[in-house]
Number of protein chains: 2
Amino acid sequence: MLMDPHLLTTFVTVARHGSFSAAAAELGYTQSAISQQIAALEADLGLALLRRRPVEPTPAGRRLLEHAGPLLLRLRAARADVLRTAAEPSHLLRVAATPLAVNPVVAARLAAARAAQPRLEVRLRTCRAERLAALVAEGRAELGLAGGIAAPSDPLRLPESGPMSTAGVSEEDLVVVLEPGHPLAGRARLRLADLIDARWLDTPLCPLTRLRDLVGDGFPVGLEYEGDDVHTVLTLAAAGHGLTLLPASAVPAGGGPVCAVPVAAPRLVHRVELLHAALPPGPATALAAALAG
Amino acid sequence: MLMDPHLLTTFVTVARHGSFSAAAAELGYTQSAISQQIAALEADLGLALLRRRPVEPTPAGRRLLEHAGPLLLRLRAARADVLRTAAEPSHLLRVAATPLAVNPVVAARLAAARAAQPRLEVRLRTCRAERLAALVAEGRAELGLAGGIAAPSDPLRLPESGPMSTAGVSEEDLVVVLEPGHPLAGRARLRLADLIDARWLDTPLCPLTRLRDLVGDGFPVGLEYEGDDVHTVLTLAAAGHGLTLLPASAVPAGGGPVCAVPVAAPRLVHRVELLHAALPPGPATALAAALAG
DNA sequence: CACCGACGATAAGCGATGCTGATGGACCCG
DNA sequence: CGGGTCCATCAGCATCGCTTATCGTCGGTG
């Protein structure tokens, strides 16, 4: 018997909520149905996936959760891809981007492309990096612009979601954002290794886990910010809640309320990548080429 | 509505057979059920996937076929992986290998590992490269040994099938296998570029598509051999049906019935990789480490 | 040219599946 | 100790998906 994706979605929903009833509400079933679905899945596999009261995954359940997400994403991606082959080409191009991905380079290229193709309608939206690949894979956006911190010319690590092309778009130097009164605020350049014990903001724009991956352990959390608003991050940094790393172009000229100091070592950049599934020939392909430069 | 894997398997079976009735026979359904399943899938997606009489995929259907295989494999792989977390560790280790993967280096390491772990039972089977990843992913073998032609220290291109580790095991120089009377048989070394217009055997042990990928177009087919028996390939080469490339150790010392000439350029090797899913700690892990060297 | 056989589509019938709503038992909190 | 919350279970019932039977169509053949 094959694992039914239906049951799999139910399982991940239950695990996410830590509750059968809440999952039932979200999925539009009764609690009884959820209970039966989980029971069916456990019976099929012959082992317990969830411990009840409190509801939390067993080791096997945790394993299944790791598989279920990508699996369901691929399923939706496959569906979207097949439907795309039949869709008539549209003049509307939906572009999804992480907040920092729309930098001056990208904006300029986009403007040039639109000037060259006046009939092209572009709809831009921002979203978190985690959701971007899914958005593009599922066909809810034709183009994705992912921004992230990486070593120069290293690709970003995006969640895999089937056959999807990626191309580098731009790389921009990073600056450390400091409060004006900070002892290091006057420096011309800074080494990250010297800041490993300073307090840092943990934000989606510059996640500390990524920094630790790239540079090494350390980077204690000063304040965690869950939003993606650059202005808020700058304000928090200005108030001394912690340091953060941003692409130079994201900090107002002169620094505004903060001090921006280039990073000397290690060499890190804010890299932007373009991702898209198979595009219909026409304006979409042209725009993709224009953005990739 | 999510695409049901059940329907997807039916679809790929029908496409493979080019027949509803044959698929019904294979899957143990009636022809009517198959017809309804395909109709359901087409209704769900809102487009035709198969043209009837003769039965062959439409463009959208071909697209779906490309997705369906990997998708179903991942589904089975996920199931196998979850079940593995609950299985008690066994002393039986199933190893699947492509024919040339079990070379002297691998055999020796295997012998050493077994000497170190007398309680370890090993069952070895050979299979084609295409099936190997699936076999390991689905848990029908704990370890896989894939052999193939690659540039030195380049990884083999194996079908992706979810979270699976791969490690290089060995690389061995290749020889061109020629019939004894061949004009080039006396040479000390040969350049592949000089053999691009010669007749070649097309065999799973040395697929011409791979050679064309690595070296360039050309390599006309002298004879296609569908089996993986090395002895047969040598016999065919000796009879002048075409050239082929084999790892040096696969040709009997002195050449036997054929002439073996090392390849001077481009540098290509027969590379063996070990692949395995998450292994239980114990003999399996030890053997994997021993094989990886 | 007409027939026959193979194949896929369709209709009707029916059993299995999977939902809802009701109820029961375990646990938590006051 | 009682009420509330949460998941499991049961009975009832609608729906889904299979089988059997039949039809339409295409293609090969006498």
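Side chains of B/L64 and B/L8 form a contact here, defined as non-hydrogen atoms less than 4.5 Å apart. Taking the side chain as every heavy atom from C-beta outward, B/I34 and B/F20 approach each other to under 4.5 Å. Side-chain atoms of B/V136 and B/L143, non-hydrogen and from C-beta on, never get closer than 4.5 Å to each other. In this structure, the side chains of B/P5 and B/L71 stay at 4.5 Å or more apart for every pair of heavy atoms.
One interatomic measurement links the two molecules: NE2 of B/H17 to P of C/dG8, which rounds to 12 Å at whole-angstrom precision. Atom P of nucleotide D/dC23 and atom CZ of B/R52 are separated by 22 Å, given to the nearest angstrom. Between B/F20 atom CZ and C/dT10 atom P the separation is 11 Å, expressed in whole Å. In this entry the distance linking CG of A/L50 with P of D/dC6 reads 16 Å, nearest Å. We find that CD1 of B/I38 is positioned 14 Å from P of D/dG17, with the value rounded to whole Å.
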**Request:** For each nucleotide in nucleotides 12-30 of chain C, reading 5' to 3', give B when a protein heavy atom comes within less than 4.0 Å of its base, S when such contact involves only the sugar-phosphate, and - otherwise.
**Result:** -------BBB----BS---
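Remark: side-chain polar atoms of B/R199 are paired, donor with acceptor, to backbone N or O of B/V221 under 3.5 angstrom. Listed for the A/R94 side chain is a donor-acceptor partner under 3.5 Å among the backbone atoms of A/G139.
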